[in-house]
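Every chain is numbered from 1 and lettered A, B, ... according to where its sequence line falls, protein lines coming before strand lines.
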Amino acid sequence: MNKADIVDVLEDIAVLLELKGENPFKIRAYSGGARVLETMEDDLGEVIAEGRLGSIKGIGSALVDKIETLHATGELEYYTKLRASIAPGLIEMLDIPGLGGKKVKKLHDALGVESIDALKAACEAGEVSALKGFGQKSEEKILTGIANRAAYAKRHLWWEARTVAEPILAGLRDLPQVEQAEAAGSLRRLKETVGDLDFIVASSEPQAVMDWFVGQDSVQEVTAHGETKSSVRFESGLQADLRVVLMAQFAFALHHFTGSKEHNVAMRQRALSRGYSLSEWGLKPSSNSGSGEMEVGSGELEVSSEQELFEFLGLQMIAPELREGMGEVERYELGGDSVPSLLELSQLRGVFHNHTTASDGRGTIEEMAEAAEALGFDYLGLADHSKASYQANGLSDARVLKQLEQIRAFNESGESAVHVFSGIECDILADGSLDLEDRTLAALDYTVMSVHSSFSQSEAEMTARVIRAIEHPGTVMLGHPTGRILLRREPYKIDLQKVIDAAIANKVIIEINANPKRLDMDWRLWRRAAEKGLMCAINPDAHSTEGLAYYAAGVNIARKGGIPTEQILNCRDCAGVAQWFAERR
DNA sequence: GCCGTTTTCGGCCCGACTGTTTTCAGTCG
């Protein structure tokens, strides 16, 4: 069993133990172990072979046994028995807001409900409100939760969540009572998808701010309305939380609610190890720090920014998008190894992999170049589909060469300050051969090779297929390496570590497909891949002039992945890009 | 179940909000 599947099993175990009413710290040990395994960058097989699994923090002897058994046999008796003892319907019930492990267990033990349907019937019969610990409101909330389950569970693309968040943030900042306001949470961390929106406001008049927030026209339901926190839900199912704090607490609150949860745990542990207790309200000497002279509340520390908070804990400023609990707290130690500076939007000189009316795009060469110029770019890469992508009106060899002539004429006309690089998004056929003739590929400035068919191949077949394409001398870039469509289509099975190694060995660039629905290759893989030498290109995959703007989502991913700017082709000037292509061909 | 330069046992990040209670448990982030 591979690492990802083992991670799933450990997470399953944690959920099942929750429904059993197990010790919460034991549950956390399993979910924590899953997390550690997931973010471990070394090959699991090697780690096990070298006997290093048990020396990883968060994985003790019990987890070593279970992980090794799963890795070797794909089965685990403990897990099988545990799963058999819990009705699958109970796991689904955890998705209903307000129901956690203990309440689901109680509903099951007291009423015998084992499915959402049975729970619904029990609520409608008034059996739930009759239970100790439940009441009328609980019953209603459960019924509402069941009715809206699909919408509540949904995550939202970062790009779309941002368009909802921006006017709310602007509205908050316009209020006279508001001193400072920021969006926090996964939106601020630039995650590819966002569960809900979080807003942090500094104000000494919280009530007025809360009232404005819950009174917005777009609010469909107010789910909480307290003294410092309010929550609302919009029609789309998207939930937004607002927290109002005093200015002195703002940096702490902003840091806390930006998260991630794992980052916060690491920061609190760091604070504790230095004798301080960190919370969303502030930083104070911890009560058990030993020296009796430190009374709780007597040494509250003040910081005016997140940067000061990090510095107090001996850290460089960690950008929000890096706070994923993936070792950043250790890496950003003051005076430690230098960390790469993060890409800025303004550093991009152009973008690659965009479509025109020649295949399935909506803009002409001229229109796309004009839009690129408006964005301040020096160059634009055009890469239409090749003929195997019949549904996208892909180009034959002859049509590619015709377009190449059009691009040359456009560049020579001098009508645009933007230089257009001629490329193609060439299909990688099922056997790993390419959809166009070698001489066609060689005539172009550059190529992007992508998989658009036979998604259901085995991992071994798909990996071999893509590596064969990478090894072709006509290949310059690899397009969207997993084919995933966020929230809609799973990635196809592929061993990306092998693909990354092949790309490095063959000097092939892997793209960050910046379409907000793709963001592929995933940010989680970039830091390690970049350290090994992989080059990156940020490719909006624009199918219209408006689509060029997606490059900003690609910049997010490059930042999250911590890719040094020297390894991002878009940061080079026109001559530098031309040189890279020339050396590669 | 994990962990330890005070600890191999007894802790484990912390606090708001809700609904149900009458002082608090459960959920959530």
Side-chain angles (χ1 to χ4, degrees), chain A residues 10 13-14 17-18 20-36 53-67 78 93-107 128-142 145 152 184-186 189 194-200 206 210 222-231 239-245 249 252-253 255-273 275-284 286-291 296 325:
Chain A
L10 296 181
I13 291 175
L17 291 177
E18 204 181 340
K20 284 243 164 197
E22 260 287 2
N23 173 1
F25 297 108
K26 181 171 171 178
I27 296 167
R28 190 196 294 170
Y30 277 98
S31 49
R35 180 81 199 173
V36 167
L53 195 55
S55 60
I56 298 171
K57 196 165 154 38
I59 299 185
S61 57
L63 281 179
V64 168
D65 276 352
K66 293 188 170 75
I67 293 169
Y78 173 75
M93 288 183 206
L94 291 173
D95 289 338
I96 299 169
L99 290 189
K102 291 185 180 166
K103 286 194 172 174
V104 170
K105 184 175 182 334
K106 182 153 195 182
L107 288 166
V128 171
S129 56
L131 281 181
K132 190 170 158 61
F134 292 80
Q136 200 64 43
K137 286 205 171 179
S138 306
E139 200 167 75
E140 285 163 19
K141 203 173 160 195
I142 291 171
Y152 290 177
S186 46
R189 296 203 314 278
V194 171
D196 54 22
L197 305 179
D198 295 279
F199 298 95
I200 311 299
M210 295 287 182
V222 177
T223 53
H225 194 17
E227 280 175 35
T228 65
K229 179 195 159 177
S230 289
S231 295
Q239 179 172 307
D241 296 344
L242 169 69
R243 268 111 180 161
V244 182
V245 300
Q249 300 157 338
F252 294 108
H255 174 265
H256 176 85
F257 291 108
T258 295
S260 62
K261 209 173 160 206
E262 292 78 11
H263 170 84
N264 287 352
V265 168
M267 286 288 283
R268 287 191 145 132
Q269 281 168 348
R270 186 174 179 93
L272 274 180
S273 74
Y276 291 90
S277 167
L278 175 64
S279 78
E280 63 259 53
W281 300 110
L283 189 63
K284 62 189 181 192
S286 58
S287 49
N288 56 359
S289 67
S291 65
V296 173

With heavy atoms under 4.0 Å as the rule, sort A/Lys141 into base, sugar-phosphate or nothing.
nothing

Tell me what A/Pro97 touches on the nucleic acid: a base, only sugar-phosphate, or nothing, going by heavy atoms under 4.0 Å.
sugar-phosphate

Any non-hydrogen side-chain atom of A/Ile96 less than 4.5 Å from a side-chain atom of A/Val104?
no

Remember a base hit wins even if backbone is also touched, and classify A/Ser61 as base, sugar-phosphate or nothing at under 4.0 Å, heavy atoms.
sugar-phosphate

Length of the CG-C1' vector between A/Asp241 and B/dT27, whole Å:
13 Å

Touch check for A/Gly101, heavy atoms < 4.0 angstrom, all strands: base, sugar-phosphate only, or nothing?
sugar-phosphate

So what does A/Asn23 hit on the nucleic acid, given a heavy-atom distance under 4.0 Å: a base, only sugar-phosphate, or nothing?
base

Given side chains that start at C-beta, do those of A/Tyr30 and A/Glu22 come closer than 4.5 Å, heavy atoms only?
no

Integer-rounded Å distance: B/dG29 C1' and A/Arg243 CZ:
6 Å

Could you tell me whether the phosphate oxygens of B/dC13, OP1 or OP2, come under 4.0 Å of any side-chain nitrogen or oxygen in A/Gln269?
yes

Rounded to the Å, how far apart are A/Arg28 CZ and B/dC28 P?
16 Å

Would one find a side-chain N or O of A/Ser138 under 4.0 angstrom from OP1 or OP2 of B/dT20?
yes

How close or far is atom P of B/dC28 from atom CG of A/Leu197, stated in whole angstroms?
18 Å

A/Phe199 atom CZ is separated from B/dA16 atom P, nearest whole Å, by 22 Å

Can you check whether A/Gln269 reaches A/Val265 side chain to side chain, under 4.5 Å on heavy atoms?
yes

A side-chain contact here means heavy atoms from C-beta on lying under 4.5 Å apart; do A/Leu10 and A/Ile67 qualify?
yes

Under 4.0 Å between a side-chain N/O of A/Lys102 and OP1 or OP2 of B/dG26, yes or no?
yes

Identify whether any heavy atom of A/Leu94 sits under 4.0 Å from a base atom; if not, whether one sits that close to sugar-phosphate; answer base, sugar-phosphate or nothing.
nothing

For a 4.5 angstrom cut-off between non-hydrogen side-chain atoms, does A/Glu280 reach A/Gln249?
no

Using atom NZ of A/Lys284 as one end and atom P of B/dC13 as the other, report the distance to the nearest whole Å.
16 Å

Under 4.0 angstrom between A/Thr228 side-chain N/O and B/dC17 OP1 or OP2
yes

For atom CD1 of A/Ile27 and atom P of B/dC13, their distance in whole Å
14 Å

Classify the side chain of A/Asp198 versus the base of B/dG29 as yes if they form a donor-acceptor pair under 3.5 Å and no if they do not.
no

